[in-house]
Amino acid sequence: LKEKHKILHQLLQNSTSPVDL
Amino acid sequence: PEAADLRALARHLYEAYLKYFPLTKAKARAILSGKTGDNVPFVIHDMKSLMEGEQFINCSQIPIQEHQQQATVLTAGHGGITEVQMASECGLLETTSISGHGLTDAVELRFFYSCQSRSAEAVREVTEFAKSIPGFTDLDLNDQVTLLKYGVIEVLIIMMAPLMNKDGTLISYGQIFMTREFLKSLRKPFCQMMEPKFEFSVKFNTLELDDSDMALFLAVIILSGDRPGLLNVKPIEQLQETVLHSLELRLKLNHPDSLQLFAKLLQKMTDLRQIVTDHVHFMQLLKKTEVDMCLHPLLQEIMKDLY
């Protein structure tokens, strides 16, 4: 599931660092 | 003591809501009722005003004072895909090069990219809010992904309601008011996408929830233990039960004269699922009919195999 949802996973893992949207 | 804990939870979620969501219901209603003085929104009611308003629509470039820090983080994070890049990649910035599409069609699609870009940013806001729910980040990471995948569009639709009235909706952080008639005048299937949200929102707004009620309700939606594919349902249901108790208590205190408000609100969750299912079908239809259309990668992730 994490593999199929890399951006969501990244959003959940990174609390403060910028995430590429 | 238990009631005190539930009130503390409500306060915590309200603070997180204020932290992560730039346009509150209180602010939106002030704008819609003209109580913001000279700060009136730009009105988009036809193609001409849409094109004039496009400079406002590029949400990522609008500084928001209260959320300056987050806006900075967001801008830094926009090394990814912006609506301009999406439009560019799809050839929409050079409208004359699009075979079979006139200028008007390109403007419609470009507006659609702006909506997608704002939606992706809203998903980030909802994710931060979800992480602030006590116990959420302790859940299995796969389950956190599943809860967001299935809950985020429902949350976004609920958050749209305060921005809407029967005549139109605020967009672009409240700087623009787009009329319902204009949205209905767009070509198919664009014209069909917002009408169900208006119908839902007008009814939802009669419940007269405030921002604090909304914060609890959004947490209840996120913590739905019946999402497909969840690995460990029990801790999710336990978290939801606590938030539900907090919501019930809050509604009794905040709306003593509104009979059965708690039950009416829970009923809305059923309506929401149908709206999301229809929305996903519209997006699938768009993918088939709009050959030039690109879907934002984050939204693709969420909608893939959703319903």
Practice problem: State the CG-CD distance between A/Leu12 and B/Glu128, to the nearest 0.5 angstrom. | Solution: 8.5 Å
Quiz item: Which one of B/Asn142, B/Thr146, B/Thr137 has the most heavy-atom pairs closer than 4.5 Å to chain A?
Solution: B/Asn142
Practice problem: Identify the two heavy atoms, one from A/Leu11 and one from B/Lys131, that lie closest to each other, and give their separation to 0.1 Å. | Solution: O-NZ, 2.9 Å
Quiz item: After noting the C-alpha distance and the side-chain angles of B/Val123 and A/Leu8, does the key distance pass the side chain to side chain contact (heavy atoms under 4.5 Å, CB included) rule?
Solution: CA-CA 9 Å; B/Val123 171; A/Leu8 264 185; 4.2 Å; yes
Quiz prompt | A/His5 and its side-chain contact (heavy atoms from CB on, under 4.5 Å) partner, picked from B/Val145, B/Leu298, B/Leu148 | solution = B/Val145
Practice problem: Heavy-atom pairs under 4.5 Å with chain A are the metric here; pick the option from B/Asp305, B/Val152, B/Thr127, B/Ile302 that has the most. | Solution: B/Thr127
Quiz item: Which atom names give the shortest non-hydrogen contact between A/Lys4 and B/Glu301, and what distance separates them?
Solution: O-CG, 3.5 Å
